[in-house]
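This report concerns only the one structure given below.
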Amino acid sequence: MLITNSTLVTFGKENRVISDGAILIRGERIVDLGSAVELTAKYPEEGVLDAQGKLAMPGLICAHTHFYGAFARGMAIPGEAPQNFCEILERLWWRLDKALKPEDVRYSALVCLVDAVRHGTTTLIDHHASPNAIAGSLDTIAEATQQAGVRACLCYEVTDRDGPDKAKDGIVENARFISEMQRRADPLLAGTFGLHASLTLSDETLEECASVAKDLDVGFHVHVGEGQADVTDSLKKSGLRVVERLEKLGILGPKTIAAHCIHVDEHELDILAETGTRVVHNPRSNMNNAVGTADVLNMLDHGIEVGLGNDGFSNNMFTEMHVAYLVHKLSKSDPRAMGADQIMQMAFAHNARTAELFLPGGLGELSVGALADVILVDYVPTTPLTEGNLPWHIIFGVDGTGVDTTIVGGRVLMRNKELLTLDEEGICAKSRECASGLWKRL
């Protein structure tokens with residue numbers, strides 16, 4: 001397939017903007033790119049997909065999400081509104097996840113995947129919880145991601161909050177799924193080891209998880225310092241702050257994703273940097289939960305590769321970029337804080353390296369040999385568009401609602417805004433039915 005008549009935005013080490021560009025895709029990878037004139041002449045027999053002047057960009061990556069939370073949209077929580085993060089967990093999320101049945105798990109994933117494909121998000125790292133439907137839950141989500149055609153890394157959230165038997169069930173589900181993914185070596189699907197957070201995990205459970213993960217040669221996907229309660233609990237349990245405790249118990253390292261990292265101090269940042277642990281920033285969720293703003297600029301200065309996730313918000317990752325760009329200026333009362341170029345580095349280069357811990361290399365850029373995960377986006381620049389000012393065009397002008405075409409591994413998942421792998425109308429109808437039943441069970 002030869003994509004022609006596009007403005008190529010390559011990202012990667014040598015970020016280029018190529019007017020009237022073209023991309024040749026064979027199999028799952030890009031085998032050539034350059035000017036449309038040159039490639040059309042070079043490959044006259046190739047089938048052509050006319051981009052009609054749209055931006056051609058790498059597919060977006062979400063480094064931390066929760067498909068299972070989809071049915072919370074519009075849901076009324078019985079009683080008084082939660083006043084803090086712990087109440088949000090106890091009265092919203094820990095009620096919702098307990099009410100999930102296997103069919104709910106499937107359709108909450110599918111509606112998120114519709115959203116992802118529509119907004120050009122082609123790789124997602126999910127963190128799942130369904131305490132009363134643990135066994136096989138990751139297979140259910142995997143089937144949905146494969147139906148959609150996107151790339152995904154999945155895990156189950158191990159926690160002690162529902163008792164020792166369910167904690168063990170969560171460990172078994174992670175180990176089973178990871179082993180199966182390692183055996184299959186599917187370029188679209190992988191597994192890692194999920195943990196909820198320090199505040200709901202005992203030393204004994206963490207030690208058991210560390211032992212199982214070591215045998216599987218995997219790291220973890222865990223919430224770290226999302227709320228102050230995580231710090232308070234860790235100090236009470238161990239006399240250590242959250243990052244210190246997790247390091248002592250063998251959880252951190254270059255294969256581990258630490259989501260949030262809001263309530264961490266300088267020593268903890270040093271530990272995260274020294275262990276090579278990857279951090280994922282989720283600004284919309286953090287604002288919504290009023291838990292604070294992670295000091296991402298300080299993390300980057302420590303050499304920590306911070307990526308960008310949505311923590312279960314919509315899969316329009318362009319919106320997450322916009323919010324990340326703005327919230328740090330507000331938080332620091334400094335309009336110079338957080339450049340658009342730093343946001344692009346997080347969303348593309350850092351997210352790609354995080355995803356490549358689990359999935360094939362060649363994500364987050366358009367280059368020869370890269371995976372053919374490509375999106376075409378309607379955007380007519382009203383000022384000159386160059387390599388130097390591209391990040392600011394994306395922050396101030398480009399949005400996921402402009403995505404016209406989504407391609408993963410050379411397979412077209414959406415064209416002219418028409419979904420080709422998912423029945424959006426049918427999925428949404430079934431989702432409303434499932435959500436209504438779940439709400440009644442709360």
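Quick caveat: nothing in here was measured; it's all calculated off a predicted structure. These numbers come from the heavy atoms of this one structure, side chains and all, not from hydrogens, waters or symmetry mates. Along the sequence shown, residues are numbered consecutively beginning with 1.
Residues Val231 and Gln228 meet the side-chain proximity criterion, which asks for heavy atoms closer than 4.5 Å. For the pair Leu252 and Phe220, the minimum side-chain heavy-atom distance is 4.5 Å or more. Taking the side chain as every heavy atom from C-beta outward, Ile61 and Met317 never approach each other to under 4.5 Å. Side-chain contact check for Val105 versus His128: some heavy-atom pair is nearer than 4.5 Å.
A salt bridge links Arg118 with Glu424: at least one charged nitrogen is closer than 4.0 Å to a carboxylate oxygen. In summary, Glu143 and Arg106 engage in a salt bridge, as defined by a charged side-chain N under 4.0 Å from a carboxylate O. A salt bridge is defined here as a Lys NZ or Arg NE, NH1 or NH2 lying under 4.0 Å from an Asp or Glu carboxylate O, and Arg415 with Asp404 meets this definition. Between Lys13 and Glu365 there is no salt bridge, since none of the side-chain N atoms of the basic residue sits less than 4.0 Å from a carboxylate O of the acidic one. Between Arg161 and Asp97, at least one side-chain nitrogen of the basic residue sits less than 4.0 Å from a carboxylate oxygen of the acidic one, meeting the salt-bridge criterion. Classification of Arg441 and Asp104 as a salt-bridged pair holds, one side-chain N sitting under 4.0 Å from a carboxylate O. Of the charged side-chain nitrogens involved, none lies within less than 4.0 Å of a carboxylate oxygen, so that Arg95 and Glu90 do not count as a salt-bridged pair. Under the 4.0 Å criterion applied to side-chain N and carboxylate O atoms, Glu433 and Lys430 are assigned as salt-bridge partners. Salt-bridge annotation for Arg26 and Asp32: absent, with no side-chain N of the basic residue lying under 4.0 Å from a carboxylate O of the acidic one. Ion pairing between Asp373 and Arg151 holds under the 4.0 Å rule for side-chain N and carboxylate O.
Within the model, atoms CG of Leu55 and OG of Ser6 stand 8.5 Å from one another, a figure rounded to the nearest 0.5 Å. From Arg73, atom CZ reaches atom CZ of Phe313 across 10.0 Å, with rounding to the nearest 0.5 Å. Going from atom CG of Leu272 over to atom NE2 of His302 covers 9.0 Å, rounded to the nearest 0.5 Å. To the nearest 0.5 Å, atoms CG (Asp50) and OG1 (Thr4) are separated by 4.5 Å. Of the inter-residue distances, the one linking Leu195 atom CG with Asn174 atom CG reads 7.5 Å to the nearest 0.5 angstrom. Expressed to the nearest 0.5 Å, how far CG of Leu49 lies from CD1 of Ile407 amounts to 5.5 Å.
Side-chain atoms of Thr277 come within 3.5 Å of backbone atoms of Gly253 as a donor-acceptor pair (strictly under, hydrogens ignored). With Asp217 contributing its side chain and Asp215 its backbone, the two residues share no donor-acceptor pair below 3.5 Å. At least one donor-acceptor pair closer than 3.5 Å links the side chain of Arg29 to the backbone N or O of Gly369. A donor-acceptor contact shorter than 3.5 Å links the side chain of His263 to the backbone of Val291. A donor-acceptor distance shorter than 3.5 angstrom exists from the side chain of Thr386 to the backbone of Gly388, with no hydrogens or angles considered. Proximity of a side-chain donor or acceptor of Asp423 to a complementary backbone N or O of Gly426 within less than 3.5 Å is detected. A donor-acceptor pair under 3.5 Å is formed between the side chain of Thr354 and the backbone N or O of His350. Judged by distance alone, the side chain of Trp392 and the main-chain N or O of Asp341 form no donor-acceptor pair under 3.5 Å. The backbone N or O of Gly219 lies less than 3.5 Å from no partner atom in the side chain of Lys214, so there is not a single donor-acceptor pair. Here the side chain of Thr406 pairs a donor or acceptor atom with the backbone of Val117 at under 3.5 angstrom.
Inspection of the Arg284 and Ser314 side chains reveals an N or O donor paired with an N or O acceptor under 3.5 Å. Judged by distance alone, the side chains of Thr205 and Asp160 do bring a donor and an acceptor atom under 3.5 Å apart. Between the side chains of Thr319 and Asn316, a donor-acceptor pair is found at a separation under 3.5 Å. Asp169 and Tyr156 share no donor-acceptor pair across their side chains, judged by distance under 3.5 Å alone. Side-chain contact of Thr401 with Asp399: a donor-acceptor pair under 3.5 Å is present, judged by distance alone. Asp378 and Gln52 are not linked by any side-chain donor-acceptor pair at a separation below 3.5 angstrom, with hydrogens and angles left out of the test. For the residue pair His64/Asp311, the side-chain donor-acceptor check at 3.5 Å is satisfied. Side-chain contact, Asn310 with Asn315: a donor N or O sits under 3.5 Å from an acceptor N or O. Judged purely by distance below 3.5 Å, without hydrogens or angles, the side chains of Lys166 and Asn132 pair a donor atom with an acceptor atom.
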Glu387 vs Arg16, salt bridge (charged side-chain N to carboxylate O under 4.0 Å, His left out): CA-CA, chis, key distance, verdict: CA-CA 6 Å; Glu387 289 87 352; Arg16 292 186 290 162; over 6 Å; no

Salt bridge (charged side-chain N to carboxylate O under 4.0 Å, His left out) between Lys332 and Asp295, intermediate numbers included: CA-CA 9 Å; Lys332 293 185 176 295; Asp295 194 354; 3.3 Å; yes

Ring pair (Phe, Tyr, Trp, His ring centres under 6.0 Å) evaluation trace for His196 with Trp93: CA-CA 12 Å; His196 174 241; Trp93 298 115; over 10 Å; no

Full working for ring pair (Phe, Tyr, Trp, His ring centres under 6.0 Å) between His127 and His223: CA-CA 10 Å; His127 193 278; His223 303 94; 4.6 Å; yes

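Proximity of the aromatic rings of Phe396 and Tyr325 is defined here by a centroid distance below 6.0 angstrom, and this criterion is met.
Ring geometry, Tyr68 versus His66: the interplanar angle exceeds 60°, so the pair is classed perpendicular (tilted spans 30 to 60°). Ring-plane geometry between His281 and His328 is classed as tilted, the angle between the planes lying from 30 to 60 degrees on a 0 to 90 degree scale. Ring geometry for Phe11 against Phe348 counts as parallel: the plane angle stays under 30°, on a 0 to 90° scale with 60° as the upper cut.
More than 12 non-hydrogen atoms from other residues, nucleotides or ligands lie less than 6.0 angstrom from NZ of Lys329.
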